[in-house]
Each structure stands twice: as C-alpha cells, then as structure tokens.
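Values reported hereafter were calculated over all heavy atoms of this structure, with side chains retained and with hydrogens, waters and symmetry mates removed. The structure displayed is predicted, hence computed values, not measured ones.
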Amino acid sequence: MTIQHRTVDIEASAKLWSEGLSASQIASRFGVSRNVVIGIAYRNRDRFPPRQKRKLARSRRERTRRPREQAPEIQAEPEIPATAYDGERLQSAKLLHHLSAGECCWPLNTGGPYLFCAAETTGRYCRNHHSRSLPKKNEGKA
C-alpha cells in the first residue's frame, strides 16, 4: 500500500531536513512516524541531500575503552636444513595432493611448488624424517 504525500508536506519536510532537524523531530511536527519521513527522504533524494557526518561527543564506551595491548611478535621457527637423504628423495617426491595414506609428508623444498618425501611409512613421516622432527635430548636445556 503506497501512501501519497502532498507536495506541500514534502517541501516542508525537505526544508526542515536542510535546517538540520532529525527525521524524528520532523515526524513529531507532522504527527507521523520517523519511518514515514525516512521513506519520503528516500523517494525524494533530490530534495533531501545526504547529511555530513557530525562529530559527536565521544560515547561512554569510547571514553572507557582501554588501549589495546600489542600482540607479541611471532618469531620464525628455525629452518630445518636439508640432508643428503632429502636430496635422494627429491627424485621420487610428490605434490601434496598426489600423496596417499602411508606416504611420508615431510616437505623437501622451501619454495613452491612444494614437494614431499612420499617414502612408505606407517605414520605421518618415514623413520628418517620422524627422528628429525623430534627435539634433541640436550636441545632447549641451558
């Protein structure tokens, strides 16, 4: 259902709008709801120019907001150097989506496309790469 508004009412609303009154204030003067005024403004955009955003006093939330703490810097993990075994495995290496269950998924290179060991295994890594993935016994103790 469409409500027809008189041209006089639309012009009066536009004048009040340009004077800076809110949609609620205009609505109370005409005895209609705020949504009626917003609907008129939407349908008559040429008479109701968009408003510049006003800088309002900071809200209570902004005044009580604590400054954010800086996230700790994430340190890069040390790169595990390649071994002669890795060099041998490069000849039979596979891309990740070509690996099947029971093949070692240790990455052999550091740049794309990434190649993986693909040696037969019962876990995630073959014996060689499994032993390299564990920390040394004296490592980390100072």
Sorted by first residue and then second, give each side-chain hydrogen bond (donor to acceptor under 3.5 Å, both in side chains) pair with at least one member in residues 95-105; sequence neighbours left out. Lys94-Glu103, Ser100-Glu103
Salt bridge (Lys or Arg N to Asp or Glu O under 4.0 Å): pairs with one or both residues in residues 17-38, sequence neighbours excluded: Lys15-Glu19
Checking Ser28 now: which residues fulfil side-chain contact (heavy atoms from CB on, under 4.5 Å) with it, not counting sequence neighbours? none
Between the CG atom in Leu21 and the CG atom in Leu16, the distance rounded to the nearest 0.5 Å is 5.5 Å
Phe116: ring-ring contact (aromatic ring centres under 6.0 Å, His included) partners, not counting sequence neighbours: none
Would you be so kind as to tabulate the donor-acceptor pairs closer than 3.5 Å made by side chains of residues 119-128, with sequence neighbours excluded?
residue: Thr121; atom: OG1; partner: Gly123; partner atom: N; Å: 3.2
residue: Thr121; atom: OG1; partner: Tyr125; partner atom: O; Å: 2.7

What distance do Leu115 atom CG and Leu96 atom CG have between them, rounded to the nearest 0.5 Å? 10.5 Å
To the nearest 0.5 angstrom, please state how far the CD1 atom of Ile40 sits from the OG atom of Ser13. 5.0 Å
Only counting residues at least two apart or in another chain, list the ones meeting side-chain hydrogen bond (donor to acceptor under 3.5 Å, both in side chains) with Asp9. Arg6
Does Tyr85 sit in a hydrophobic cluster with other residues, and if so which ones, taking ILVMFWY side chains as linked at heavy-atom separations under 4.5 Å, directly or through other members? none
Test side chain to side chain contact (heavy atoms under 4.5 Å, CB included) on Ser18 and Phe48; report intermediate values, then the result. CA-CA 7 Å; Ser18 65; Phe48 291 82; over 6 Å; no
Ala23 versus Ile38, closest heavy-atom pair with distance: CB-CG1, 3.8 Å
Who pairs with Ser131 by side-chain hydrogen bond (donor to acceptor under 3.5 Å, both in side chains), at least two apart in sequence or on another chain? none
Using side-chain hydrogen bond (donor to acceptor under 3.5 Å, both in side chains) as the criterion, list what pairs up with Arg132, not counting sequence neighbours. Thr83, Asp86
Gap separating the CG atom of Asn44 from the OG1 atom of Thr7, nearest 0.5 angstrom: 9.0 Å
Those residues at least two apart in sequence (or on a different chain) that pass ring-ring contact (aromatic ring centres under 6.0 Å, His included) with Phe30 are none
Restricting to non-hydrogen atoms, name the atom on Leu108 and the atom on Ala93 that form the minimum distance, rounded to 0.1 Å. CD1-CB, 3.8 Å
